[in-house]
Amino acid sequence: MVPTLAGVILLVFFLFKYFGGDPAEILGGLLATPEQIESIREQLGLNRPVWQQLWIFVQQIATFDWGRSWATSEAVSHIFATRLPATLTVMIPILVLEIALAIPLALGVAYVRGTLTDRGIMVLTTVALSISFLVYIIVGQWLFGFYLGWFPVQGWSDSFLVNLSRYAVLPIVLAVLVGLAPQTRLYRSFFLDEIGHDYVRTARAKGLSEQRIMLKHVLRNAMIPILTNVAVVLPGVFIGSFLIEVFFSIPGLGREVLLAVNRSDYPVIQAVTVYLAALTMVINLLADVLYKVVDPRVVLK
Amino acid sequence: MSAVIPAPQLPAPAPARSPGVWRAAWQRLRHDRVGMACLMIVGAFAVLILIATLGLIAADWQREVGLPYAPPAFVGPDRDEAQQAIAAPKGPPVDLSDVDPLAPRYAEWRERAARFQTAETVKSPTLPFGGDRLGRDVLAKAIKGAQISIFVGVFAALLATLIGTVLGALGGYVGGKVGDFLEWVYNVFTSIPDILLIFAFAAVFGRGIETVILILGLAGWTGMYRQVRAEYIKHRTREYVRAAEAIGVSHRARMFVHILPNVSHVILVRLSLLVVGFIKAEVILSFLGLGVPVDQVSWGTMLAEANVELVLGKWWQLAAATAFMATFVTAFSLLTDALRDALDPKLR
């Protein structure tokens, strides 16, 4: 974990140091005089040797002090603190609903495997998957927000409850509808893998009902790949679906990162990248521990 | 490595050749009706792109051939008169020449203007599949967009494949310190969420088609690396590789001449998965303005325009881009499935 984190830090540092534009010129703007550029370089420590700059970078990471955004002068930590709640308000319901709906759906499809229903659903999901997420959002926002007027087209408020009950509903519903197709496909393949195993045959031979086999044996054993998958998508919850945030004007982290990319606002991008990488590692570690809970056979090294 | 076997290889009497991997796969694929249909659709797209690249069709997609938002031919021209100019006022024009400060120069300007020829272009009220805000033919845009989007997807996938294969081969075949180092690099790249990695590269490298290819390739090689590495570890100790070692084949030749053809079917399947993923990614990046520049068109930039048009009731650009993309991506995904089944019959 530590070497990987060090790698992430090195990658981000050298990527922005040697491939990105000169920070002083970005900060100074088009009208900056050479003296101003020079003083900015001095201030940011850009005139020091590379290893000292790297050290400053590491200190920033360790102390959570990234200074201010280059574009808005807002403290980077403040950006995180104010944008994250909006992102989580939208993303956590999406994740929970997606998993809660995809597991029974996939279990059902796996139960009727090989039938016309199963094949029909698989073809449908393939076609559904080939249409860009963008199209779903564009059409969904137009249909439900503009044409039918069931939901506000976009917006956000200061109250958590109003947000959740009013503004976040349409984004959540759309994202869940779109996310359901790939999740169902994936979970179905997990279940089918398990159904092929010997223990299922044994359970059948023992005379257990098919429902019992599916719910008690197959489901439990398929939890490991499902957990792995959840661990893979979980870090995405914090970055948020930037497309959704852009379309529905949700003041979340994803939109902020996108803005930062468009404004060449390096501190924000660097901070998000490094912390999310660290978070991903922590989540993976937790997933490993959870395997142990789900499957006592797993031995942690 | 331990003992050199002196057995000279006698030229064995040539047995009846069993079909090779590729030929056998082709035989299997030919019996897969869905796979063949998809192959034809993908082939049709390839021809379309080839013609578009040669400039035979859709080369003048930027010409404004129709009225703004000209509806598709099958819908019929707009009967809506609201967008016509304000009616000319009735009555004789008032002579302002004694107060108009510009009056003395009108004659001069008229003379100058006469030196230029203006041709009145006839803008068609309908287009085969409608027009966009500037009256450009949506169908031509969709074809040109297909060219760019698929081009980006394929080349980014090739770049990712190249990186992933070379590193995977090194990691799997050489192992040891080099393998550990590559594993570390892999871990670093996978611990950053994909979309952030793409954003970070985009922030640094700027904009443009080549940049998109570079970004997607650099961010997307990890899956390929993982799989190629596993295959190389598996093949490294196989007998044919040991045999090659015994007759003094160099490491490089063993890696890329002997083992690579034997894992190429895995690479091909992964490559086509990457193409689908990258086409979708390009569409989203272009939509966000991080993809192809404004003087080019891709499915993503078409969707970006469609967002506003839909509110005005102009649905055709959205429909065209979506239909093209959905057809191609569905066909390509199903073809990939068929390809996997054909190349790896054990998987069934």
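This structure is a prediction, so every number in the text was calculated from the model and none was measured.
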Asks: Output the option from A:Trp142, A:Phe16, A:Tyr266 having the highest count of non-hydrogen pairs under 4.5 Å with chain B.
Replies: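 That would be A:Trp142.
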Asks: When rounded to the nearest 0.5 angstrom, what is the spacing between OG in A:Ser132 and CD1 in B:Ile279?
Replies: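 Interatomic distance, A:Ser132 OG to B:Ile279 CD1, rounded to 0.5 Å: 11.5 Å.
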Asks: Considering only heavy atoms, give the residues of residues 144-151 of chain A separated from chain B by less than 4.5 Å, sorted numerically, with 'none' for an empty result.
Replies: A:Phe146
Asks: Which heavy atom of A:Gly7 sits nearest to which heavy atom of B:Trp184, and what is that distance?
Replies: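 Closest approach of A:Gly7 to B:Trp184: CA-CZ2, 3.2 Å.
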Asks: Just verifying a value: how many Å separate B:Ile195 CD1 and A:Leu276 CG, rounded to the nearest 0.5 Å?
Replies: 12.0 Å
Asks: Show the nearest heavy-atom pair for residues A:Gln141 and B:Asn307, with the distance to one decimal.
Replies: OE1-OD1, 4.4 Å
Asks: Relative to chain A, which segment of B:Leu318 carries a heavy atom at a distance below 4.5 Å: side chain, backbone, both, or neither?
Replies: side chain
Asks: Any side-chain heavy-atom pair from A:Leu5 and B:Val188 closer than 4.5 angstrom?
Replies: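 SC-SC contact between A:Leu5 and B:Val188 ruled out.
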Asks: Is it the case that atom CZ in B:Phe181 sees more than 12 heavy atoms from other parts of the structure closer than 6.0 Å?
Replies: no
Asks: Roughly how far apart are B:Asn187 CG and A:Thr280 OG1, rounded to 0.5 Å?
Replies: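 Those atoms lie 12.0 Å apart.
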Asks: Does the gap between the ring centers of A:Phe133 and B:Phe287 come in under 6.0 Å?
Replies: no
Asks: Just so I know, are the side chains of A:Leu11 and B:Phe189 near enough to count as touching, which here means a heavy-atom distance under 4.5 Å?
Replies: yes
Asks: Is it true that, when you exclude A:Leu116 itself, more than 12 heavy atoms of the residues, nucleotides or ligands shown sit nearer than 6.0 Å to its CG?
Replies: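 Atom CG in A:Leu116 is not crowded, with 12 or fewer foreign heavy atoms closer than 6.0 Å.
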Asks: Hey, which of B:Ile192, B:Val185, B:Leu310 has the most heavy atom pairs under 4.5 Å with chain A?
Replies: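 Among the listed options, the one with the most contacts to chain A is B:Leu310.
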Asks: Taking all non-hydrogen atoms of both residues, which atom of A:Leu129 and which atom of B:Lys280 are closest, and how far apart?
Replies: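 Heavy atoms only, the tightest pair is O-NZ, 2.8 Å.
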Asks: With a 4.5 Å cut-off on side-chain heavy atoms, are A:Val135 and B:Trp299 touching?
Replies: no
Asks: Drop me the distance from A:Leu279's CG to B:Ser191's OG, to the nearest 0.5 angstrom.
Replies: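 The distance works out to 11.0 Å.
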Asks: Of the backbone (N, CA, C, O) and the side chain (C-beta and beyond), which part of B:Asp194 lies under 4.5 Å from a heavy atom of chain A, both, or neither?
Replies: neither
Asks: For the residue pair B:Pro193 and A:Ala277, what are the closest heavy atoms and their distance?
Replies: CD-N, 4.5 Å
Asks: Given the options A:Pro3, A:Ala128, A:Ala260, which has more heavy-atom pairs under 4.5 Å with chain B than any of the others?
Replies: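 Of A:Pro3, A:Ala128, A:Ala260, A:Pro3 has the most heavy-atom pairs under 4.5 Å with chain B.
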Asks: Which answer fits A:Val139, side chain, backbone, both or neither, if we ask what part of it has an atom under 4.5 Å from a heavy atom of chain B?
Replies: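 Looking at A:Val139, backbone and side chain both touch chain B.
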Asks: Roughly how far, to the nearest 0.5 Å, is the CG atom of B:Leu288 from the CG atom of A:Asn262?
Replies: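 If we round to the nearest 0.5 Å, A:Asn262:CG and B:Leu288:CG are 8.0 Å apart.
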Asks: Got a second to check how far A:Ile131's CD1 is from B:Thr330's OG1, nearest 0.5 Å?
Replies: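 Rounded to the nearest 0.5 Å, the CD1-OG1 separation comes to 7.0 Å.
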Asks: Show the atom names and distances, to 0.1 Å, of all donor-acceptor pairs under 3.5 Å that link a side chain in residues 267-275 of chain A to residues at least two apart or in another chain.
Replies:
| residue | atom | partner | partner atom | Å |
| --- | --- | --- | --- | --- |
| A:Thr273 | OG1 | A:Ile269 | O | 2.6 |
| A:Tyr275 | OH | A:Ile61 | O | 2.8 |
| A:Tyr275 | OH | A:Trp66 | NE1 | 3.0 |

Asks: Which one wins on heavy-atom pair count under 4.5 Å against chain A: B:Val329, B:Leu197, B:Val276, B:Val204?
Replies: B:Val204
